[in-house]
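Remember, it's a predicted structure, so these values are computed and weren't measured experimentally. Every chain is numbered from 1 and lettered A, B, ... according to where its sequence line falls, protein lines coming before strand lines.
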4 protein chains.
Amino acid sequence: MRKNVPSMVKDEKLIQKRREQMIKAAVSLFKEKGFHRTTTREIARVAGFSIGTLYEYIRKKEDVLYLVCDSIYDEVRERLEEQIKPGVKGIDRLKQALHAFYQVMDDFQDEVLVMYQEAKSLPNETLPYVLKKEIGMAEIFEKLIQDCVDEGMLQLTEEEVYGASHNILVQGQMWAFRRWALRSHYTIEEFTKMQEAFIIQALNPINTANRT
Amino acid sequence: MRKNVPSMVKDEKLIQKRREQMIKAAVSLFKEKGFHRTTTREIARVAGFSIGTLYEYIRKKEDVLYLVCDSIYDEVRERLEEQIKPGVKGIDRLKQALHAFYQVMDDFQDEVLVMYQEAKSLPNETLPYVLKKEIGMAEIFEKLIQDCVDEGMLQLTEEEVYGASHNILVQGQMWAFRRWALRSHYTIEEFTKMQEAFIIQALNPINTANRT
Amino acid sequence: MRKNVPSMVKDEKLIQKRREQMIKAAVSLFKEKGFHRTTTREIARVAGFSIGTLYEYIRKKEDVLYLVCDSIYDEVRERLEEQIKPGVKGIDRLKQALHAFYQVMDDFQDEVLVMYQEAKSLPNETLPYVLKKEIGMAEIFEKLIQDCVDEGMLQLTEEEVYGASHNILVQGQMWAFRRWALRSHYTIEEFTKMQEAFIIQALNPINTANRT
Amino acid sequence: MRKNVPSMVKDEKLIQKRREQMIKAAVSLFKEKGFHRTTTREIARVAGFSIGTLYEYIRKKEDVLYLVCDSIYDEVRERLEEQIKPGVKGIDRLKQALHAFYQVMDDFQDEVLVMYQEAKSLPNETLPYVLKKEIGMAEIFEKLIQDCVDEGMLQLTEEEVYGASHNILVQGQMWAFRRWALRSHYTIEEFTKMQEAFIIQALNPINTANRT
DNA sequence: TATGAATGAGACTTCATTCAT
DNA sequence: TATGAATGAAGTCTCATTCAT
């Protein structure tokens with residue numbers, strides 16, 4: 001599932017450590033100037049080692065981008081999953097997930113933005129892996145919605161469930177990639193509340209006040 | 001409102017002609033390989049003139065990107081406005097606009113994608129102009145929704161109207177920037193229908209068929 | 001027959017001029033330090049233009065090597081042919097050619113050495129072209145010898161003719177690539193005379209003075 | 001006579017063992033890609049130890065080349081000498097040596113080629129040693145020919161003996177460095193036979209069958 | 001106004017060599 | 001004695017931009 005980036009170095013622990021340094025450096029640089037305007041030398045320097053060392057842990061500059069994207073997904077997902085508690089059920093569970101997701105999108109604004117803008121520069125072989133991870137994100141919401149459907153709380157076709165989950169993702173991600181338009185109008189809490197209302201409303205849950 | 005890109009050439013007619021050639025060439029190249037991987041030489045070649053001539057009409061490569069973005073907005077907007085007929089009113093008018101918008105997003109898939117991915121490379125001075133155009137797009141929908149509110153068909157606060165309009169934009173644009181996830185599930189017609197339903201539902205119009 | 005090295009520059013006259021400068025610079029550098037230890041920057045500098053300009057006339061460093069080899073062959077051949085007068089016939093004609101060839105090998109010592117040592121670094125596509133040129137050189141002598149055979153002055157099979165011609169070439173080229181062993185023992189005139197005697201003797205001409 | 005390559009390691013047995021591994025690895029790599037395109041890491045890897053260990057036994061990459069050349073000469077010479085039996089005398093002894101030499105050139109094709117192409121990259125201090133070895137090779141034939149002269153079977157000046165011996169060497173080595181031209185025309189046996197005939201003929205032995 | 005040859009800073013990447021473990 | 005991670009100088013090549021024609 002994960003594409004391995006080959007390294008000249010054997011010590012796996014060390015690889016992990018150095019790549020963490022590298023990713024951290026890269027994310028902060030990519031945020032600031034984008035992938036193309038960031039040089040490998042800068043990445044190495046900010047990471048705290050030499051250009052030679054950088055290339056002991058990757059083959060080409062693009063590999064850094066892949067490592068960055070891969071790592072962002074893992075972090076986003078981890079954060080998200082640790083906030084969805086198993087107790088709650090149905091629509092409330094979905095709401096809880098939405099809350100968590102918006103929170104994470106706020107925390108990872110820059111990272112999400114980087115991914116939106118630079119994914120096209122990923123090494124060709126790796127793009128599918130990254131897209132699969134994005135689909136995996138959507139599937140979290142698909143499952144939550146489908147559970148509601150199965151329990152009779154929502155009436156949606158399969159394709160609607162799929163579409164809704166992608167809408168949810170995009171409506172959360174826009175907090176990152178449209179902040180220039182949103183920050184001046186909402187706090188993240190206000191935004192979350194509003195989007196949550198829109199989404200729940202759009203899913204048109206059965207037996208709510210606006211029926212009868 | 002529009003930032004002028006200085007040119008060495010005086011003849012305005014000629015400027016317009018050359019820039020059209022240039023933009024057409026650039027769009028097709030940016031679609032294919034992105035802004036950074038496209039060279040000025042290529043742009044000139046595809047445009048049908050020499051690199052020297054290219055630089056008679058712009059100062060730097062980034063200027064081409066600005067011209068491209070600017071032109072895409074104008075075209076998108078033009079297309080959109082020519083499809084919103086003045087006769088219809090209220091929710092139906094909004095629906096009509098949604099329809100038109102999704103159609104345009106389908107027609108301009110590549111262009112929208114380019115803008116999403118390359119906007120960050122715009123010359124610093126010009127980014128605000130381009131963002132203002134995007135806001136202008138949102139305002140079209142803001143106005144349509146606000147009309148419904150004013151006519152009592154929707155109950156939404158000002159901030160909700162603003163948020164809804166940005167949601168609409170993003171839910172249309174995602175047809176371009178998430179086609180890898182959507183194309184396999186929907187035709188543009190299916191997608192339009194689904195998204196329209198979600199949006200209208202989210203706006204929760206008073207006294208419609210799904211009430212009673 | 002000749003593999004064309006593509007150039008960014010259109011003006012054919014200019015291409016020729018610049019490539020001459022480039023080849024001259026490269027030969028003198030390759031002589032001194034070999035292909036691998038010569039940098040493209042040095043070639044450009046010695047040629048009298050910038051590194052950027054160099055790359056307007058070639059695609060990769062290896063192209064310079066090809067141009068160099070190609071040009072050396074053309075020059076060697078030209079020099080050789082202009083010294084073989086049409087009047088003379090038979091063994092004398094062969095002797096005349098040998099003389100000319102040894103003279104040329106003396107004049108082009110460094111160039112021949114460069115070719116012997118660097119040919120393996122030629123771009124893969126071009127090696128066959130260069131080898132064909134070397135075979136072409138051998139064919140000059142093949143023809144001269146075959147003429148003698150046809151006139152009944154030599155008795156040699158076809159394969160012997162072929163072998164003899166390659167021996168001739170190598171025995172001339174060794175003046176270049178074994179000068180460390182030969183210079184201290186012979187002048188080029190002495191060497192020529194000796195090798196000529198060996199070769200003619202080896203071909204064992206019928207009915208000459210050393211028989212009876 | 002042999003230039004010593006300094007080593008950090010004291011144990012002479014170990015030095016010898018490691019260097020053998022190293023040379024074997026290097027030869028096979030140099031054959032394949034030449035000296036410059038072979039990396040020290042590769043040499044160490046193929047030799048079966050680490051890059052750190054490699055540098056315990058040499059000072060610089062060039063040292064490997066020297067060790068390789070030196071070892072090739074020793075092997076070639078050993079092979080050659082073990083095939084020249086002491087019983088035979090005169091021209092026959094020379095013929096026997098020629099035979100042996102051509103056989104060895106066939107066996108060591110790649111090695112001979114490597115030496116021809118890479119000798120120029122030898123460490124400056126060591127080139128004379130290597131050339132001396134090549135001269136030593138020539139001296140084997142010089143001696144054999146001179147014996148014939150001394151016995152009155154050949155009439156040659158000292159310089160002719162020297163020249164002939166170098167011709168012999170080169171005419172054998174060409175089986176390695178011109179195989180692209182020869183392999184398609186001759187087997188090694190045919191080639192040996194032909195060259196032997198040419199050489200003996202060139203030496204013009206007194207009182208042989210082709211006289212009278 | 002149009003051309004395109006020239007420029008050179010700067011990007012990525014490699015690899016011989018060192019040195020702490 | 002063996003290891004292999006770290007280093008950084010140096011190499012190749014690209015490309016935005018200029019300017020003489």
Output the rounded distance in Å from CE (A:M8) to P (E:dA16). 13 Å
Assess whether one donor atom and one acceptor atom, taken from the side chain of C:R41 and the base of E:dG10, lie less than 3.5 Å apart. yes
Side chain of B:D70, backbone of B:Y66: donor and acceptor closer than 3.5 Å? no
What pairs of residues pass the salt bridge (Lys or Arg N to Asp or Glu O under 4.0 Å) test when at least one of them lies in residues 114-128 of chain B, not counting sequence neighbours? A:E118-B:K120, A:K120-B:E118
Closer than 3.5 angstrom, by distance alone: can the side chain of D:D11 be matched with the main-chain N or O of D:K13 as a donor-acceptor pair? yes
To the nearest Å, give me how far apart NZ (C:K61) and P (E:dT14) are. 16 Å
Check the distance between F:dG11's C1' and C:E42's CD and give it to me in whole angstrom. 11 Å
Name the orientation class of the two ring planes belonging to D:F49 and D:Y57 (parallel below 30°, tilted from 30 to 60°, perpendicular beyond 60°). tilted
D:T126 side chain to D:L122 backbone, donor-acceptor under 3.5 Å: no
For DNA chain F, determine which residues of residues 27-35 of chain C have any heavy atom closer than 4.0 angstrom to one of its atoms, and list them numerically. none
Atom-to-atom span, CZ of B:R37 to P of E:dC12 - whole angstrom: 11 Å
Can a donor-acceptor pair be found, under 3.5 Å and without considering hydrogens, that links the side chain of C:S7 to the backbone of C:E56? yes
Sort and list the pairs that fulfil salt bridge (Lys or Arg N to Asp or Glu O under 4.0 Å) and have at least one residue in residues 43-54 of chain B, not counting sequence neighbours. none
Distance, rounded to the nearest Å, where B:I43 contributes CD1 and F:dC15 contributes C1': 12 Å
Heavy atoms only, 4.0 Å cut-off, all strands: where does C:S7 land among base, sugar-phosphate and nothing? nothing
The criterion is side-chain contact (heavy atoms from CB on, under 4.5 Å); which residues satisfy it with C:E20, sequence neighbours excluded? C:Q16
Taking only residues two or more places apart in sequence, or in another chain, which ones meet B:L131 in a side-chain contact (heavy atoms from CB on, under 4.5 Å)? A:W180, B:L127
The criterion is side-chain contact (heavy atoms from CB on, under 4.5 Å); which residues satisfy it with A:T39, sequence neighbours excluded? A:R41, A:E42
What is the separation between atom NE2 on B:H36 and atom C1' on F:dC15, rounded to the nearest whole Å? 12 Å
Let me know the distance between OH of A:Y57 and P of F:dA5, rounded to the nearest Å. 6 Å
Closest to side chain of A:T53, choosing from E:dT17, F:dA6, F:dT17: F:dA6
Does D:T40 place a side-chain N or O at less than 4.0 Å from the phosphate oxygens OP1/OP2 of E:dA16? yes
Round to the nearest Å and state the distance from A:R45 atom CZ to F:dT7 atom C1'. 17 Å
Under the 3.5 angstrom rule, does the side chain of B:K133 hit a backbone N or O of B:I72 as a donor-acceptor pair? no
A:Y116: ring-ring contact (aromatic ring centres under 6.0 Å, His included) partners, not counting sequence neighbours: A:F177, B:F177
Should stems be defined as at least three consecutive Watson-Crick or G-U pairs with both distances under 3.5 angstrom, which of them involve DNA chain F? E:2-21 with F:2-21
Which residues, if any, of residues 9-21 of chain B bring a heavy atom under 4.0 Å of DNA chain E? B:V9, B:K10, B:D11, B:L14, B:R18
Just to verify, what does A:D110 make a side-chain hydrogen bond (donor to acceptor under 3.5 Å, both in side chains) with, not counting sequence neighbours? A:R179
Applying ring-ring contact (aromatic ring centres under 6.0 Å, His included) to B:F30 and not counting sequence neighbours gives B:F35
Nucleotide N/O of nucleotides 18-21 of chain F paired with protein N/O under 3.5 Å:
none

